[in-house]
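Step one of this worksheet: look at the structure below.
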Amino acid sequence: MNTLQKYMLFLLFCIPITFWAQTTVSGVVTESATGMPIPGANVVIPGTTTGTTTDFDGKYQINANDGEMLEFSYIGFITQTVKVTSSTINVALVEDTQQLDEVIVVGYGSEKKTEITGSVNKISTEDFNKGPIVSADQLITGKIAGVAVTSGGGAPGESQSIIIRGNGSLSLSSSPLIVVDGIPLDNGSVGGSRNVLDFINPNDIESMTVLKDASSTAIYGSRAANGVIMITTKKGKGKEFKFNYNGSTTLYKPTNYVDVMNADQFRTFVNANGTDAQIALLGNSNTNWQEEIYTEAVGYEHSLSAMGNIKGFMPVRASIAYSNHDGILRTDNFNRTTASLNLRPYLFDDHLKIELNGRAMYTENRFANRGAIGSAVDFDPTQSIYGGPDDVANYWGWYDIQNGETVQNNLAQTNPLALLNLYRDTAEVRRFIGSAKFDYKLHFLPNVTATVNVGLDKSNAHGRNITSPLMPSSQLDWSGALNSYINRTTNSLFDGYLTYTGEADKHSLTAVAGYSYQKFEYDNFSYDGQREQDGLIAKFIDKSRNVLLSYFGRATYSYDDRYVLKVTFRADASSVLNPNDRWGYFPATSVAWNIDNENFLENSKTFSTLRLRAGYGEIGNVNGLAPYQFLQNYSISQDTANYQLGVDANGDPVYYNTYRPDAYNEDLRWEIGKTLDVGLDFGLFNERVSGSVSAYLKKTEDLISYVNVSPFTNFSNGINDNIGDMENRGIELELNVTPVQTENFTWSFGYNLAFNDNEITSLPVPVDTGGINGGTGNQIQIHQEGYAPFSYYVYKQVYDTNGNPIEGAYVDRNGDNIINDDDRYIYKDPYADIIMGFNTNLNYKNWDLSVVTRANIGNYAYNNMASAKSHTIRATENNILTNLHTDYYNTQFTSLTDQGLLSDYYIQEASFFKVDNITLGYSLKEAIKGIDKMRFYGSVQNVATITDYDGLDPEISGGIDNNFYPRPTSFVFGVNVDF
């Protein structure tokens, strides 16, 4: 044997024997729920550098030794380890719901939680508020720091005011942009609709993500000046079809009324202060008019959904729901039917992913006449409901006889029950929102995905107001009234963008670049039957359109999952601005440091998450600005300003309406908000304790406000103009804790706290605002440099030695011995300095209990019900009797004056603590054949309010308490079934 042969034989014996056992392992990695292949899944031998990834069909191939372990992993799925025992190993990965929570939907894509560099909050199904949820915005009330959700009143489906991190504007909208499955909605709701979000069944919502700072919202440009709420609906999944039914019955109960004199108190007052003729007007009844107009009401909810997969390639989800809720104000009703369909086919070996969404809504609304609220407060409680003339349906009232006809005293309030029963305001609204999204992973560039997203949001509303001829009226020859309207809106969207995702060693880069075009069209028609009877123009047509054209881009770079840098840019052109100022350019940049991924915390038993982030961004705002204000428009004159041209065949003069030019401003431009945000996200003890702390400073420049102009410089005494600057500063804290977690018992709670300071930093001329009831043209609020917007502008009340207010006595602040506007001062504002939310959840075996509470500290309200309705003369003037607010007993004021209405006595602290919701549930799992889970629950909404405010409710949007529709206490019983 020669030397070479001996050497080769020696090497052969030196090779480990396991080499001969090594084999090529191959297989397919799929989703357990759908059976769909997973491209890009990682397959590695733990503890080695040997690994591979699956191809577009989910297939892989790797060399491994018998007995070695293979680890299969993919984002959003539980990692699975399998021992090598054969050459073919197929693996079905199961969704990891906890990991899925780590993926957050942002503008034009999604990001891992570790890549989030801005102030972003995600609330999912299990975290939503429970109870009688009619509108989607109620799901997050009190759940997110810095997000204030306030209902406009207690009507079913009532619109909500959503303010993120304080007021963002003076005249424009301060509402956030709402994006549903990739479609940015118009901020306003169509006529005849109660709420911009009433088209969506809350049971269809999977999650809501709130983007709060400019670095995270800048990708949406001008529409995102006040933050973004991204709503993601539930999608199809699973191999077999699963069904869910959710049904509930709700009892609404009125719990609070405006404090007015009862019948006995009012009789005593009139007998003590009235003349013999006035005393003779008193009736013999004891009528609580507020109890008469309000009643207990019932609401019903039914929702059915189906979720599954068609032939293994098309996940699908469909739902249908029906709601019917009466309001506590008689004749108020909200009736809604919704249907939705989601299809997600995967084609061409998963290179093409399609998502089709269709959502339809039909509502029938009957709006109660809210004039009855004020009338019930004013109406004489000594009178009965009925007992009037037959030609006014026998409703009691203050009537005169003119020309042999019964007419109502034109200074008197109308019988509250007549206002409700003889007036019918109804509307039907049809709305469709559909979208088609195509994600194509390029065959020749697998790291690049091309996306096209088209959407359509179309609404059609038909409404009418019918007033019966029997309605009491001061008009001679009254024969009733009919007004009708048709509102059509169309919101169409086209988005096209490319997404690049690449990784190399420890480097990761994701880049998005695209184009967006969105068009809003409005077609409104109205008809006034009374004007037609009077021979005047009765039909009005108002059509308009505005367009938003945009280019956008974002790049996110991550090194070793520790350091993240993000840059965003958007250019918007809005047709509501003049061509010279139409384009706005909005950049943003942000960074994050995932400290928990550093080596010194790698084995930490304390910190499971620790992330430091900071960002800066600029965003424009023209939301809510009426279109064409830079153009010269003309409006038809009022009927009292007609011009005579000639005479008719009888020789009578003929009058014509004329057209006048409207005020306009050619130089209107973007409001610009510049925001700096820093924050720290943390998780302790494997996320048993988690939360965040954020601080922000937002400066808004070129504020648009309505201001007075010099005579003869325009066609009005006021125009919208860019005239000011404003600052918002704040700190936010969020904390989520699970103190107890055992096999049978879990207790968790969440707490959020937000401080906000809002100040106008530049405004050349103060702007009065905040119209009130009482007097003529009085306004209680002001925008002024150095103060919060909508601050109260009042006289300082003088009090006697017993602490009682002295009528007509106010502090002469400038010392000129004259009490006039120069003595008014700015005192408090309607927005809370601190808002808090606290919720807790307890689960014991099959039982679950949740409690949601909120608090506002530092908000003040103007009690307009007391200021305008608590004066001696008011009760008996004009030969009618009018009830008084019980604040009269505190003031003994005799006359209603402009200065009295503007007294700081009526500015009251309205801080409050509210128990919003308590829900108790019991679940049966697999107790009945064919049913996976059945849960019964009971809930109470608007449980309790603790406040020092004297008015009806301390939570008044805008801060002026006048004719507020009271929020009821709601009791709900429901059942949720999975089968």
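Residue indices begin at 1 and follow the sequence shown. Note that the structure is a prediction, hence the values are computed from the model and not measured.
The existence of a salt bridge linking Lys143 and Asp127 is excluded, since no basic side-chain nitrogen approaches an acidic carboxylate oxygen closer than 4.0 Å. Checked for salt-bridge contact, Asp681 and Arg613 meet the test: a charged N lies under 4.0 Å from a carboxylate O. Ion pairing of Lys113 with Glu115 is absent here, as no side-chain N (NZ or NE/NH1/NH2) approaches a carboxylate O to less than 4.0 Å. Checked for salt-bridge contact, Lys543 and Glu521 miss the test: no charged N lies under 4.0 Å from a carboxylate O. In summary, Lys234 and Glu206 do not engage in a salt bridge, as defined by a charged side-chain N under 4.0 Å from a carboxylate O. Ion pairing between a basic and an acidic side chain is recognised when a charged N comes within 4.0 Å of a carboxylate O; Arg165 and Asp213 show no such pairing.
For the residue pair Tyr346 / His351, no side-chain donor-acceptor distance below 3.5 Å is found, with atom types taken as modelled. In this structure, a donor-acceptor pair under 3.5 Å is present between the side chains of Gln629 and Asn720. With no hydrogens or angles considered, a side-chain donor-acceptor pair links Ser174 and Asn167 at under 3.5 Å. With no hydrogens or angles considered, a side-chain donor-acceptor pair links Lys458 and Thr490 at under 3.5 Å. Asn756 and Asn728 share a side-chain donor-acceptor pair at under 3.5 Å. No hydrogens or angles considered: nothing links the side chains of Asn594 and Thr114 as a donor-acceptor pair under 3.5 Å. Ser193 and Asp198 share a donor-acceptor pair across their side chains, judged by distance under 3.5 Å alone. A donor-acceptor pair shorter than 3.5 Å can be found between the side chains of Asp572 and Ser550. No hydrogens or angles considered: a donor-acceptor pair under 3.5 Å links the side chains of Asn487 and Asn524. Looking at Asp439 and Thr451, their side chains do bring a donor and an acceptor atom within 3.5 Å of each other.
Partners of Arg562 by side-chain hydrogen bond (donor to acceptor under 3.5 Å, both in side chains), not counting sequence neighbours, listed by chain and number: Asp560, Glu598.
A distance of 4.5 Å separates CG in Leu211 from OG in Ser216, rounded to the nearest 0.5 Å. Taking CG of Leu697 as the start and CG of Asp677 as the end, the distance is 10.0 Å to the nearest 0.5 Å.
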Worked verdict on Glu111 versus Thr556 for side chain to side chain contact (heavy atoms under 4.5 Å, CB included) = CA-CA 10 Å; Glu111 295 180 340; Thr556 303; 3.6 Å; yes
Apply salt bridge (Lys or Arg N to Asp or Glu O under 4.0 Å) to Glu701 and Lys674, showing your working.
-> CA-CA 8 Å; Glu701 300 174 353; Lys674 302 178 178 180; 3.5 Å; yes
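Note: Phe790 and Tyr831 have perpendicular aromatic rings, judged against thresholds of 30 and 60 degrees for the angle between ring planes. Using bins of under 30°, 30° to 60° and over 60° for the plane-to-plane angle, the ring pair Phe586/Trp670 lands in the perpendicular bin.
A cation-pi arrangement is found for Arg431 relative to Phe199, the charged atom lying closer than 6.0 Å to the ring centre and inside a 45° cone about the ring normal.
For Tyr517 and Phe494, the distance between ring centers is not under 6.0 angstrom. Side-chain rings of Tyr108 and Phe552 approach one another, their centers coming within less than 6.0 Å. Aromatic ring centroids of Tyr559 and Trp593 lie 6.0 Å or more apart.
No side-chain heavy atom of Ile760 sits less than 4.5 Å from a side-chain heavy atom of Asp725.
Within a 6.0 Å radius of OH in Tyr563, other residues, nucleotides and ligands contribute more than 12 heavy atoms.
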